[in-house]
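Report on one structure; see the data block that follows.
If you read the sequence from its start, that first residue is 1, and numbering goes on from there. Being a predicted model, the structure only gives us computed values, none of them experimental.
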Amino acid sequence: MTRAVKRAFKFRFYPTDAQAAQLSRTFGCVRLVYNMALQARTEAWTLRRERINYNATSALLTAWKKTDELAFLNEVSSVPLQQALRHLQTAFTDFWARRAQHPRFKSKKRSRRSAEYTASAFRWRDGTLTLAKMTEPLDVVWSRPLPQGCTPSTVTVSQDAAGRWFVSLLCDDTITPTPAAGAVGIDAGIDSLLTLSTGEKITNPRHERADRKRLARAQRDLARKQKGSANRAKARIKLARIHARITDRRHDHLHKLTTRLVRETQTIVIEDLAVRNMVKNHRLARAISDAAWRQLRTMLEYKTAWHGRTLIAVDRWFPSTRLCSTCGALAQPMPLDVREWTCRCGALHDRDVNAARNILAAGLAVTACGDDVRPQRESSRTGQSSAKQEHPRATKGIPVL
């Protein structure tokens, strides 16, 4: 059965000098409007306890354009400015619902440079893309074809820190899931990026470590340059290109890996890792960040939804490493350098393979008992799911080696 999904296709393009100047001006106006609207909403709430919605900020934008100080806002397309106000409204909605922190002001140096165009602000004709306020189409490198007969509904133009220009086209796509069977448990690690319950270990490429010397040299060169000089700007671009190379290689590897897992397996079981807390360990933070476990899970989440697969997240406190996958006995806590251990039943376990098998068993128990796929955060008050066996009270009665 086919599935209709919204899918973004990202391509690199090379703008002319006039197009680059227009887009840079648009990025600046988007950032300015976002910050001014955020300041207006914050002051309204702080001083008058009044919530300003999107309609009110849109009216403020109209008034700003009529002033002499902000008349330059009329030189760019109005659609990206309106989209910035909509994004701010979404940010406040998430904040009031306690799903996110309070929106922050956009920085000229640190924030992402991007602008979003809806269908009324671009022209898509015969495979060419022309944005509003521009006379020539963008020189896009079509590295892969778009879905047959699709028309983009939204176009997002961005520029990364390395100076590269990208355009992302949001299209309606139809995905035909391929038949798959079986289930697999996945244990994430550092030496082996993934260990499957089948016994297969996928080596961690360590992309950041491969370019660590080049990265350190570029950082030293940047530190020696005088602030504000042209040489410092060149050194910054050189450093950003190395970071971009690391990021691109990591994304490519994760995309290929997750696509393979989703296409071959019907049910995938993973751990609900608290990566934000784990990177507080300064000895492992660099390696954990390079492994990109959070990004791996994000890719698995939307790809399993596309292909009609089942993704189960076992609670992070489940003792998958110390639990014998043969007899079910619980061993004593063991340090990270212990890669193999022997249970009192005589079974010799590889630490990672044993953990992957236990994760698979716990995930299948979730589906059998009908519990939630995503583990509950406050289980101590609401009751534990069948996958949440990590707390000492939950393991009561299990013999400890």
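At a threshold of 4.5 Å between non-hydrogen side-chain atoms, the residues Cys29 and Thr26 do not count as touching. Under the 4.5 Å side-chain criterion, counting only non-hydrogen atoms from C-beta, Leu215 is in contact with His243. Residues Leu70 and Lys66 form no side-chain contact, since every pair of their non-hydrogen atoms from C-beta on lies 4.5 Å or further apart. Between Leu73 and Leu61, the closest side-chain pair of non-hydrogen atoms falls below 4.5 Å. Using a 4.5 Å cut-off on side-chain heavy atoms (C-beta onward), Gln159 and Leu23 make no contact. Residues Lys65 and Ser78 have side chains in contact (heavy-atom distance under 4.5 Å, counting atoms from C-beta outward). Put simply, the side chain of Lys256 reaches to within 4.5 Å of the side chain of Asp252, judged on heavy atoms. The closest side-chain heavy-atom distance from Gln22 to Val76 is below 4.5 Å.
Of the possible donor and acceptor atoms, one in the side chain of Asn354 sits under 3.5 Å from a partner among the backbone N and O of Thr321. Using a distance-only test at 3.5 Å, with no hydrogens or angles considered, no donor-acceptor pair links the side chain of Arg351 to the main chain of Glu340. Checked by atom type and distance alone, the side chain of Thr67 pairs as donor or acceptor with a backbone atom of Trp64 at under 3.5 Å. With hydrogens and angles disregarded, a donor-acceptor distance shorter than 3.5 Å links the side chain of Ser107 to the backbone of Lys109. Put simply, the side chain of Asp272 never gets that close to the backbone of Asp315: no donor and acceptor are under 3.5 Å apart. Under the 3.5 Å distance criterion, the side-chain polar atoms of Thr16 are matched with a main-chain donor or acceptor of Gln19. Listed for the Asn277 side chain is no donor-acceptor partner under 3.5 Å among the backbone atoms of Lys280.
Taking 4.0 Å as the cut-off between side-chain N and carboxylate O, Arg339 and Asp350 do not count as a salt-bridged pair. Arg294 and Glu301 are joined by a salt bridge, as a carboxylate oxygen and a charged side-chain nitrogen come within less than 4.0 angstrom of each other. Salt bridge present: Glu208 and Arg286 bring a charged side-chain N and a carboxylate O closer than 4.0 Å.
No more than 12 heavy atoms of other residues, nucleotides or ligands sit less than 6.0 Å from atom CZ of Arg98. The number of heavy-atom neighbours closer than 6.0 Å to CZ of Arg241, taken from other residues, nucleotides and ligands shown, is 12 or below. By the 6.0 Å contact criterion, CZ on Arg224 is enclosed, its count of non-hydrogen atoms from other residues, nucleotides or ligands being greater than 12.
The aromatic rings of His251 and His255 stand perpendicular to each other, their planes meeting at an angle above 60°, with 30° marking the opposite boundary.
Atom CG of Leu170 is separated from atom SG of Cys150 by 10.0 Å, given to the nearest 0.5 angstrom. Put simply, CD1 on Ile288 and CZ on Arg276 are 14.5 Å apart, with the number rounded to the nearest 0.5 Å. One distance of note links NZ of Lys108 with CG of Leu32; it measures 11.5 Å at 0.5 Å rounding. Atom OG1 of Thr258 and atom CZ of Arg297 lie 14.5 Å apart (nearest 0.5 Å). The CG atom of Leu330 sits 6.0 Å away from the CG atom of Leu323 when rounded to the nearest 0.5 Å. Taken from OG in Ser325 to CG in Leu360, the straight-line distance is 10.5 Å, to the nearest 0.5 Å.
Cation-pi geometry between Arg322 and Trp341 is not met at under 6.0 angstrom from the ring centre and within 45 degrees of the axis. Under a cutoff of 6.0 Å and an axis angle of 45°, Arg51 and Trp45 form a cation-pi pair.
If you check the side chains of Gln219 and Arg214, you find no donor sitting under 3.5 Å from an acceptor.
Ala347 approaches Thr326 most closely through the heavy-atom pair CB-OG1, 3.7 Å. Taking every heavy atom of both residues into account, Phe27 and Ser158 meet most closely at CZ-CA, 4.2 Å. Listed here is the closest heavy atom pair of Gly308 and Arg3: CA-NH2, 3.3 Å.
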Could you list the donor-acceptor pairs under 3.5 angstrom formed by side chains in residues 115-130, with sequence neighbours left out?
from	atom 1	to	atom 2	distance (Å)
Glu116	OE1	Gln83	NE2	2.3
Glu116	OE1	His87	NE2	3.3
Thr128	OG1	Arg125	O	2.5

Please tabulate, one pair per line, all N/O donor-acceptor pairs under 3.5 Å involving side-chain atoms of residues 231-239, not counting sequence neighbours.
from	atom 1	to	atom 2	distance (Å)
Arg232	NH1	Leu222	O	3.0
Arg232	NH1	Lys225	O	3.3
Arg236	NH1	Ala161	O	3.2

Please set out all donor-acceptor pairs under 3.5 angstrom arising from side-chain atoms of residues 174-195, sequence neighbours excluded.
from	atom 1	to	atom 2	distance (Å)
Thr178	OG1	Arg309	NH2	3.4
Asp191	OD1	Arg206	NH2	2.9

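Residue Lys106 forms a side-chain contact (heavy atoms from CB on, under 4.5 Å) with just one option from Arg31, Arg112, Arg113, and that option is Arg31.
Under the rule for a ring pair (Phe, Tyr, Trp, His ring centres under 6.0 Å), Phe72 has no partner lying at least two apart in sequence or in another chain. Qualifying ring pair (Phe, Tyr, Trp, His ring centres under 6.0 Å) partners for Phe95, counting only residues two or more places apart in sequence or in other chains: His102. Scored by the side-chain contact (heavy atoms from CB on, under 4.5 Å) test, Phe105 finds Asn35, Leu38, Gln39 as partners (sequence neighbours excluded). Taking Tyr54 as the reference, nothing meets the ring pair (Phe, Tyr, Trp, His ring centres under 6.0 Å) condition, with sequence neighbours excluded. Scored by the ring pair (Phe, Tyr, Trp, His ring centres under 6.0 Å) test, His307 finds no partners at all (sequence neighbours excluded).
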May I have the step-by-step check of side chain to side chain contact (heavy atoms under 4.5 Å, CB included) for Ile268 and Ile312, ending in yes or no?
CA-CA 6 Å; Ile268 301 176; Ile312 303 173; over 6 Å; no
Verdict with supporting geometry, Cys327 and Cys343, side chain to side chain contact (heavy atoms under 4.5 Å, CB included)
CA-CA 9 Å; Cys327 67; Cys343 179; 3.4 Å; yes
Given side chain to side chain contact (heavy atoms under 4.5 Å, CB included), test Phe166 with Ser168 step by step and report yes or no.
CA-CA 7 Å; Phe166 296 95; Ser168 179; over 6 Å; no
Candidate pair Thr57 and Met36, rule side chain to side chain contact (heavy atoms under 4.5 Å, CB included), full reasoning:
CA-CA 9 Å; Thr57 55; Met36 293 179 63; over 6 Å; no
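Every pair passing salt bridge (Lys or Arg N to Asp or Glu O under 4.0 Å) that includes a residue from residues 76-94 is listed here, sequence neighbours excluded: Asp94-Arg99. The stretch residues 150-161 participates, sequence neighbours left out, in these salt bridge (Lys or Arg N to Asp or Glu O under 4.0 Å) pairs: Asp160-Arg164. Residue pairs that meet the salt bridge (Lys or Arg N to Asp or Glu O under 4.0 Å) test with at least one member in residues 136-148, sequence neighbours left out, do not exist here. Identified under the side chain to side chain donor-acceptor pair (under 3.5 Å) test for residues 4-14, with sequence neighbours left out: Lys6-Asp172, Arg7-Asp173.
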